[in-house]
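Contents: one structure, followed by commentary.
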Amino acid sequence: MSFPAKKDLEIQLSKLSSFHNPKNSLEQYSTDPVLAAYVINLAFQRGDIQGKNVIDLGTGTGTLSYGALYFECKELTAVEVDEDQRSVLEKNLEKFSNKKLIFGNVASISGTWDTVLCNGPFGSVVKDADLPFLEKAFSLGKVVYLIHNWKAKDFIVSYASRRCTEFSYERRTLNIPRIYGHHEKNRMNIDVLFLVGRI
Ligand code: SAH
């Protein structure tokens, strides 16, 4: 059986619709296709996507969810607090049927999944908005793929060292709009922490 390549995924992700009236207070910007495809491809290579039950916390426009579905996860659960993104999310994921969309607060989610994908708010606009994501990321699954602000590295690494049997991390680049809500061409790179942890 042949599987889609990372580059194919990048191309598909670049065609997805973006946030509908994005809300700064929720730190709504999508992971760029290059970083998203990198994360999903790595998770796939490590055996954490294909045939697995995957949850995506703070799915937004469904970038990471799309990747998990594209690389043939068993079922994808996507959690998003903002109902205003429902139509964008449904449209972006419309070609997949093995998905469950939950519109609610990540703090209210319970259950067990094989793999957790988490790129939620960094807590840069509303202080501590990232804390419920961290709590859930390390409690809902057997393995977590987490993106956070590189500035929070020491905090996240200390968190992971308490919650994981093993983990690794690296510094990557996230390309986001420079001025929130303005034209896509005006973009900037920020350093992010990408952490993989086994619980
Ligand atoms: N994970 C996506 C989107 C990142 S933006 C991606 O990687 O492309 C962060 C997302 O988290 C936003 O869509 C925002 O609405 C959502 N969010 C913020 N607080 C939330 C909460 N408490 N519960 C669920 N979703 C939340």
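Just follow the structure's listing: the first ligand is 1, and inside any ligand the first atom is 1.
- A salt bridge between E83 and R86 is present, with a side-chain N of the basic residue lying under 4.0 Å from a carboxylate O of the acidic one.
- Short contacts between ligand 1 and E27, defined as distances under 4.0 Å to a heavy atom of the residue, involve ligand atoms 5 (S), 9 (C).
- Nearest protein heavy-atom contact of atom 25 (N) of ligand 1 is V81 N, 3.2 Å.
- In this structure, the side chain of E27 engages the main chain of G123 through a donor-acceptor pair within 3.5 Å.
- Remark: Y169 OH is loosely packed, at most 12 non-hydrogen atoms of other residues, nucleotides or ligands lying under 6.0 Å away.
- Among protein heavy atoms, atom 4 (C) of ligand 1 sits closest to N119 O, 3.1 Å.
- Taking distance alone, with nitrogen or oxygen atoms compared against 3.5 Å, G58 approaches ligand 1 more closely than that limit.
- Short contacts between ligand 1 and S30, defined as distances under 4.0 Å to a heavy atom of the residue, involve ligand atoms 8 (O).
- Annotation: cation-pi geometry satisfied between R162 and Y159 (NZ/CZ under 6.0 angstrom from ring centroid, within 45° of ring axis).
- Assignment of G104 to the shell around ligand 1 is supported, since a heavy atom sits closer than 4.0 Å.
- Side-chain contact annotation: S30 with T61, donor-acceptor N/O pair under 3.5 Å present.
- Among protein heavy atoms, the minimum distance from atom 22 (N) of ligand 1 is reached at N105 OD1, 3.0 Å.
- The two residues T59 and S65 come nearest to each other via the heavy atoms OG1-OG, 2.9 Å.
- The closest donor-acceptor contact from the side chain of E75 to the backbone of N53 lies at 3.5 Å or more, if one exists at all.
- Looking from atom 23 (N) of ligand 1 to the surrounding protein, the closest heavy atom is V106 N, 2.9 Å.
- At least one side-chain heavy atom of L174 sits under 4.5 Å from a side-chain heavy atom of D32.
- Of the candidates E83, E80, K23, it is E80 that places a heavy atom closest to atom 12 (C) of ligand 1.
- A side-chain donor-acceptor contact under 3.5 Å links Y66 and K95.
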Cut-off 3.5 Å, no hydrogens considered: what does the side-chain donor-acceptor table look like for residues 136-147, sequence neighbours left out?
unit_1	atom_1	unit_2	atom_2	d
K136	NZ	I109	O	2.8
S139	OG	E135	O	2.9
S139	OG	K136	O	3.4
K142	NZ	D114	OD1	2.9
Y145	OH	R46	NE	3.2
Y145	OH	D48	OD2	2.5

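- Under a 4.0 Å criterion applied to the non-hydrogen atoms of F19, ligand 1 contributes the atoms 13 (O).
- Distances shorter than 4.0 angstrom occur between a heavy atom of P121 and an atom of ligand 1.
- Contacts between T59 and ligand 1 below 4.0 angstrom, taking non-hydrogen atoms only, involve the backbone exclusively.
- Short contacts between ligand 1 and Y29, defined as distances under 4.0 Å to a heavy atom of the residue, involve ligand atoms 3 (C), 4 (C), 5 (S).
- Set against the non-hydrogen atoms of T63, the atoms of ligand 1 under 4.0 Å away are 8 (O).
- Using a 4.0 Å cut-off to heavy atoms of T31, the atoms of ligand 1 that qualify are 6 (C), 7 (O), 8 (O).
- Looking at F133 against ligand 1, only its side chain comes within 4.0 Å, counting heavy atoms.
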